[in-house]
Amino acid sequence: MGTHLVLLGAPGAGKGTQVGRLQGDLGLVHIAAGDLLRKAVKEKTLLGQKAEKFIKQGRLVSDAIVLELLEDKIRGERKGFILDGFPRNLFQARKLDEILDGQNRKLDLVINLEVKESVIIERLNGRLVCSGCGRVYNKENLGDFSSTCRVCGASFFQRDDDNPEAIKERIKTYLRHTYPLISYYREKNILYNIEGEQSPKEITQQILNFLSKKGKS
Ligand code: ADP
């Protein structure tokens, strides 16, 4: 049976960056709640229209909408996955357990990226995303804002919710709803904490080493 991972961490903790790096190495399917929601918004589907204002404000979209978007995907990925942005509250975490239990599967590991608030705010304010491949950059280390993606050459955009007001709300939402998942998974003995202020490369290496020790890669 495949490996089932969850990446946990505040907005801007580096979940997306790590998934991009791990996906190839582990051969797992990436299921990103935020990406799927933004796609629905862009395509103006019914779900997307309902979700849009919550995303812009940095609040959680309703569990019903998120589950409608994700449940079948989670059920369908029988060979394993990396979940990013889901679960984001206890209800979603219990629902995920229920879905997997019903298929005689279980979560193998929850990786929690720990980053302090000041760093998160700095990262999110400076974040630029490639419109072609979705790779994440930061204004600071780009130097020139008008430059294009080093990998695919497409232009950058700034996410609608990467503005100071929404960032403040997203951190508040994280602390209130998502942070409690750390103890939820610690009690299940599947939590692995990583210091998220190390370089992306160091973090990937640490995750891969841990997985190989557990015989999961
Ligand atoms: P980040 O981790 O940088 O905050 P994401 O791309 O994961 O960004 O999510 C963007 C937004 O999409 C969230 O702020 C929230 O509004 C919505 N969202 C994503 N995942 C969920 C979820 N599991 N439940 C409710 N809302 C979600």
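Read the numbers this way: they start at 1 and go in the same order the structure lists the ligands and their atoms. Position 1 is the first residue of the sequence; numbering continues from there.
The closest non-hydrogen atom to atom 13 (C) of ligand 1, taken over R88, Q92, R170, H177, comes from R88.
Y184 and N89 share no side-chain donor-acceptor pair at under 3.5 Å. A side-chain donor-acceptor contact under 3.5 Å links Q198 and Q206. There is no side-chain donor-acceptor pair under 3.5 Å between H177 and R88. Under 3.5 Å, the side chains of T204 and R21 contain a donor-acceptor pair of N or O atoms.
The protein heavy-atom contact nearest to atom 8 (O) of ligand 1 is R159 NH2, 3.0 Å. In this structure, the protein non-hydrogen atom closest to atom 16 (O) of ligand 1 is R59 O, 2.5 Å. Nearest non-hydrogen protein atom to atom 17 (C) of ligand 1 is L37 CD1, 3.5 Å. Remark: minimum distance from atom 26 (N) of ligand 1 to any protein heavy atom is reached at V61 N, 3.0 Å.
Of all atoms in ligand 1, numbered sequentially from 1 with element shown, those under 4.0 Å from a heavy atom of F86 are 23 (N). Close approach of ligand 1 to A33 is summarised as follows: ligand atoms under 4.0 Å from at least one heavy atom of the residue are 20 (N).
Contact annotation: for R127 versus ligand 1, heavy atoms closer than 4.0 Å belong to the side chain alone.
At least one N/O-N/O distance between K15 and ligand 1 falls below 3.5 Å. Every N/O-N/O distance between L60 and ligand 1 stays at or above 3.5 Å.
Not a single heavy atom of K56 sits less than 4.0 Å from an atom of ligand 1. Close to ligand 1: R38, with a non-hydrogen atom less than 4.0 angstrom away.
Classification of R94 and D97 as a salt-bridged pair fails, no side-chain N sitting under 4.0 Å from a carboxylate O. A salt bridge does not link E77 with K73: none of the charged nitrogens is closer than 4.0 Å to a carboxylate oxygen.
Annotation: E68, atom CD; neighbour count of heavy atoms from other residues, nucleotides and ligands within 6.0 Å does not exceed 12.
Contact detail for Y137 and R150: the closest heavy-atom pair is OH-N, 3.0 Å.
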